[in-house]
Amino acid sequence: MSYQTAKLGIGEMAKTDPKTVQDVTLVVQTLLQQMQDKLQTMSDQIIGRIDDMSSHMDGLEKNIADLMTQAGVEELECGNKISATQKS
């Protein structure tokens with residue numbers, strides 16, 4: 001793109017050099033597509049990591065519940081915890 005073409009606005013450039021406008025449009029579309037692809041990849045990675053964390057949390061919750069059962073601690077409906085010896 002020449003200095004003269006660079007000085008012109010987009011509307012004026014369309015009148016003077018349609019090929020240049022097409023080239024710029026193609027470059028912009030390509031860049032936008034690349035950005036969209038990268039964002040999609042990042043989004044997929046984030047969702048995958050969230051799923052992994054959810055699985056880990058489910059495992060931890062199960063382990064905690066097992067440990068509480070082994071320790072004789074039961075959970076009441078209101079969320080307070082009491083030991084099995086306190087119930088009697």
Side-chain angles (χ1 to χ4, degrees):
M1 185 182 324
S2 70
Y3 174 74
Q4 184 63 27
T5 306
K7 274 179 54 176
L8 299 174
I10 295 295
E12 293 172 333
M13 219 164 62
K15 294 175 191 171
T16 59
D17 194 357
K19 176 138 178 57
T20 303
V21 172
Q22 290 172 351
D23 291 344
V24 170
T25 301
L26 182 62
V27 168
V28 169
Q29 287 175 340
T30 302
L31 289 173
L32 288 173
Q33 185 62 48
Q34 289 172 350
M35 287 174 54
Q36 183 176 359
D37 293 344
K38 286 181 182 181
L39 286 172
Q40 185 62 49
T41 299
M42 289 180 359
S43 176
D44 292 342
Q45 290 173 344
I46 290 169
I47 289 171
R49 289 178 182 173
I50 289 172
D51 289 342
D52 290 345
M53 287 177 61
S54 176
S55 296
H56 290 299
M57 289 178 66
D58 290 343
L60 286 171
E61 287 175 349
K62 183 184 179 315
N63 288 339
I64 290 170
D66 290 345
L67 288 171
M68 288 174 61
T69 301
Q70 290 174 7
V73 176
E74 296 178 8
E75 189 170 343
L76 297 175
E77 288 182 27
C78 65
N80 294 328
K81 297 175 182 35
I82 60 168
S83 69
T85 57
Q86 289 177 339
K87 284 175 54 175
S88 355

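Predicted model only: the values in this text are computed from it and were never measured.
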* To do: Check Gln33, Gln40, Met35 against Asp37 for a side chain to side chain contact (heavy atoms under 4.5 Å, CB included) and give me the one that passes.
  => Gln33
* Can you measure from CD (Gln36) to OG1 (Thr41) and round to the nearest 0.5 angstrom? => 10.5 Å
* Structure fact -> So CG of Leu39 and CG of Asp44: to nearest 0.5 Å the spacing works out to 11.0 Å
* Structure fact -> Rounded to the nearest 0.5 Å, the CG atom of Asn63 sits from the CD atom of Gln70 at a distance of 9.5 Å
* Side-chain touch Asp23/Val27, heavy atoms, less than 4.5 angstrom -> no
* Nearest-0.5 Å distance, CZ of residue Arg49 to CG of residue Asp51 -> 12.5 Å
* Do the charged groups of Lys62 and Asp58 touch, with an N to O distance under 4.0 Å? -> no
* Side chain of Thr69, backbone of Ala65: donor and acceptor closer than 3.5 Å? -> yes
* Asked: Does any N or O in the side chain of Thr30 come within less than 3.5 Å of the main-chain N or O of Leu26, such that one atom is a donor and the other an acceptor?
  -> yes
